[in-house]
There are 2 protein chains.
Amino acid sequence: MPVTIYDVAREAGVSMATVSRVVNGNPNVKPTTRKKVMAAIERLGYRPNAVARGLASKKTTTVGVIIPDISSLFYSELARGIEDIATMYKYNIILCNSDQRLEKELQLINTLLEKQVDGLLFMGADIKEDHLDTFSTASVPIVLAATRDPDSLLPSVTINHFQAAYDATQTLIERGHKRIAMIASPPSDPLAGLLRFEGYKQALHDAGLPLHDELVTGGNYFYQSGLNAMNSFLQLAEPPTAVFATSDEMAVGAIHAVQDAGLRVPDDIEVIGYDNIRLAEMVRPRLTTVVQPMYDIGAVAMRLLTKYMNNEHVDDHVVQLPHRIEFRESTRTENV
Amino acid sequence: MPVTIYDVAREAGVSMATVSRVVNGNPNVKPTTRKKVMAAIERLGYRPNAVARGLASKKTTTVGVIIPDISSLFYSELARGIEDIATMYKYNIILCNSDQRLEKELQLINTLLEKQVDGLLFMGADIKEDHLDTFSTASVPIVLAATRDPDSLLPSVTINHFQAAYDATQTLIERGHKRIAMIASPPSDPLAGLLRFEGYKQALHDAGLPLHDELVTGGNYFYQSGLNAMNSFLQLAEPPTAVFATSDEMAVGAIHAVQDAGLRVPDDIEVIGYDNIRLAEMVRPRLTTVVQPMYDIGAVAMRLLTKYMNNEHVDDHVVQLPHRIEFRESTRTENV
DNA sequence: CTGTTAGCGCATTCAA
DNA sequence: TTGAATGCGCTAACAG
């Protein structure tokens, strides 16, 4: 029932090859016949079949995107960066949630490869051998966004988490704090999470401060875990006077735990977060936080992928975007 | 270079039709030959080409999803519901951001149709004639999520915004308030937005309360607009004693405006929001709000779409999901 | 239960 | 500048 390139050819009194040429903007077509064909296309309401085109040309102008959870404040921001750049380069994206489950991740990679995507963008904390094995069966480029494989074999876009955590901790140290707690990442995030812990440790060490085990708790990046962590800190004989959380949600949870206990942020306890999601500006006091440019990470990762898909030259397959600290009211303006 | 169904057929010593049968789980294959074929598939690392399959079968097991902004707290939650159900029914989704721009929306519909999606899920406040015209050129089913066309011609999944707004307003009325402000929706949302305003008006009217023009301001659903709106209310000679905002972000902005002015929520001013995004639980006081089941709207819309795609019977093409009010601390527990 | 044969709608040589 | 012919990899009758 749908009108095909044949119908247009007949209607315009030319061959299908000619129709194909005008549809694809091939310049080798006489303006008059081009006009004829355009008219026929218009008249028939012809809509090119991208699947047929994909089969013939071996390009689908579609890329696969594997994301842990699109409803996450963090990843949805990343996804927007990805999609914007994809659109800019005429690609569509097939989006899949993985929930970071290995099995599902591997299955999604295969499904997307079956669908003949021109490239793959992968997000997820932990890159195992299994991932690498599956990736290696792909004949299209793959880029990691907001994560890296242990040996940095694959192209990736991240920030320097070690340095970012170091800077955050140092900020607190400079304010005179001796007991700085950390609400850390879950073990399921062995790379970025560990790096942040190392940065925290190093900053303490460089300042000659001891590392107190009881001042480090693992969270799961969500609000409630930050709230819980802070509550337990508050029950310590000697509670911390400052807290560094590895996500903004956890940091906000910590703030509320402090407030619920009748104390004040930043007067009694200073808090610094991580990511700079929009939530950071939607609390009182507004959150001081390490800026991880989520949108840019997504955008740059997608741009990198387009380069690979077009066989363009890329200087460095591992890119680290700059980070900084956005100072708001959950930390004090002057040093103690 | 990639291995095709032919290669597998040769390797297994059968015809390609047989390979196709085992790949597609057709029961009409002798167990022994099935085993042979499976082994060949394994040995060669065969991966079926979904594009070729799509061309031959006229099914892509892919649906197009047009969403205003995936980084929005509201829509990303919807998207998750959509994707989960899509996965459950073996579909993948091509996700596209429209920013609610008419031109882009129409272009996206066409692109997705070119890609031969098996169905289309559309989100966006305003459905114009242009949309309907473009939809009518599609030969695949289309479902609207979290919106409706003016004449309800298309299948859609929403809540009853009129009633929800009525309920929210009435809740405030029951607490004895006489001056209830509304931070309303933008004019770009003529359907759901208007319905909420009508619900507010009706509730006031039914209670014999006058509608004060100065107590109604339009917002754009974002935090800052709620904050600004509340600030201007606060400068009124006679400020409101309660506020109903048509989004949680705006409601939280309103709370902060109240707090920044040295007043207290709910003691001085009660606030009720709309949507019940996760933010509602990440503020102090936690937000009382109208629950719009975003995830379910997405899930039900996708389920509805699968029914159409499978030519299953559907009882009612316009579905309204139930809403309710979640009471938290931005409203008082007892009546005044 | 299995093989043969046609397309699916298009891009892309190759000739003309 | 144009047309004819071929094949992309697979599904789906149909025949056996």
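Within every chain, numbering begins at 1; the chains are lettered A, B, ... in the order of the sequence lines, protein sequences first and strands thereafter. On a predicted model such as this, the values are computed, not experimentally measured, just so you know. Side chains included, hydrogens not; waters and symmetry mates left out as well; all remaining heavy atoms used.
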Item to check | Salt-bridge criterion met for E312(B) and R303(B) (N-O under 4.0 Å) | outcome: yes
Item to check | Nearest-nucleotide 5' precedence on DNA chain C, S57(B) against P31(B) | outcome: P31(B)
Item to check | Between P of dT1(D) and CG of N28(A), the distance in whole Å | outcome: 6 Å
Item to check | Atom pair distance, as rounded to whole Å: CZ in R47(B) and C1' in dC10(D) | outcome: 17 Å
Checklist entry - How close or far is atom C1' of dT11(D) from atom CE of M16(B), stated in whole angstroms? => result 8 Å
Item to check | Whole-Å distance separating the CG atom of N49(A) from the P atom of dC10(C) | outcome: 5 Å
Next on the checklist: By nearest atom, which of the nucleotides dC10(D), dT2(C), dC10(C) is closest to the Y46(A) side chain?
Outcome noted: dC10(C)
Checklist entry - NA contact type, V51(A), heavy-atom cut-off 4.0 Å: base, sugar-phosphate, or nothing? => result nothing
Checklist entry - When V3(B) is tested against each of N49(B), I41(B), V8(B) for side chain to side chain contact (heavy atoms under 4.5 Å, CB included), which residue passes? => result V8(B)
Checklist entry - To the side chain of S15(A), which of dG9(D), dT12(C), dA4(D) is closest? => result dA4(D)
Checklist entry - Looking at the side chain of P48(A), which of dC10(C), dG3(D), dG3(C) is the nearest nucleotide? => result dC10(C)
Checklist outcome for this item: Which of L112(B), L121(B), I142(B), I94(B) passes side chain to side chain contact (heavy atoms under 4.5 Å, CB included) with I66(B)? It is L112(B)
Next on the checklist: Just the rounded figure in Å: distance from P of dA11(C) to NZ of K59(A).
Outcome noted: 13 Å
Checklist entry - Can you check the K115(A) NZ to dG9(D) P distance for me, whole Å? => result 18 Å
Checklist entry - Looking at dG3(C), dT11(D), dA11(C), which one has an atom nearest to any side-chain atom of N24(A)? => result dA11(C)
Checklist entry - Quick one: which of dT2(C), dG3(D), dG7(D) gets closest to the side chain of R21(B)? => result dT2(C)
Checklist entry - Contact class for V23(B) (heavy atom, under 4.0 Å): base, sugar-phosphate, or nothing? => result nothing
Checklist entry - At under 4.0 Å, does any side-chain N or O of K58(B) touch on OP1 or OP2 of dG9(C)? => result yes
Next on the checklist: side-chain hydrogen bond (donor to acceptor under 3.5 Å, both in side chains) for H313(B) and D315(B)? Distances and angles first, verdict last.
Outcome noted: CA-CA 7 Å; H313(B) 171 74; D315(B) 300 303; 3.1 Å; yes
Next on the checklist: Nearest to the side chain of I5(B), heavy atoms from C-beta on, is which of dC10(D), dG9(D), dC10(C)?
Outcome noted: dC10(D)
Next on the checklist: Side chain of A17(B), heavy atoms from C-beta onward: which of dT4(C), dT2(C), dG9(D) has the nearest atom to it?
Outcome noted: dT4(C)
Checklist outcome for this item: Among dT2(D), dC1(C), dA11(C), the one nearest any side-chain atom of K30(B) is dC1(C)
Checklist entry - Taking only N and O in the side chain of S20(A), is any of them less than 4.0 Å away from OP1 or OP2 of dA11(C)? => result yes
Checklist outcome for this item: Whole-Å distance, K36(B) NZ to dG3(C) C1', equals 13 Å
Checklist outcome for this item: Which of dT11(D), dT2(C), dT2(D) is nearest the side chain of V29(A)? It is dT2(D)
Checklist entry - So does R43(B) pair up with D7(B), basic N to acidic O under 4.0 Å? => result no
Checklist entry - Do the side-chain N or O atoms of T33(A) get closer than 4.0 angstrom to the phosphate oxygens (OP1, OP2) of dT1(D)? => result no
Next on the checklist: Please report the distance, rounded to the nearest Å, between CD1 in I41(A) and P in dC10(C).
Outcome noted: 10 Å
Checklist entry - With a 4.5 Å heavy-atom cut-off, do V51(A) and K58(B) have their side chains touching? => result no
Item to check | Phosphate OP1/OP2 of dA11(C) contacted by R53(A) side-chain N/O (<4.0 Å) | outcome: yes
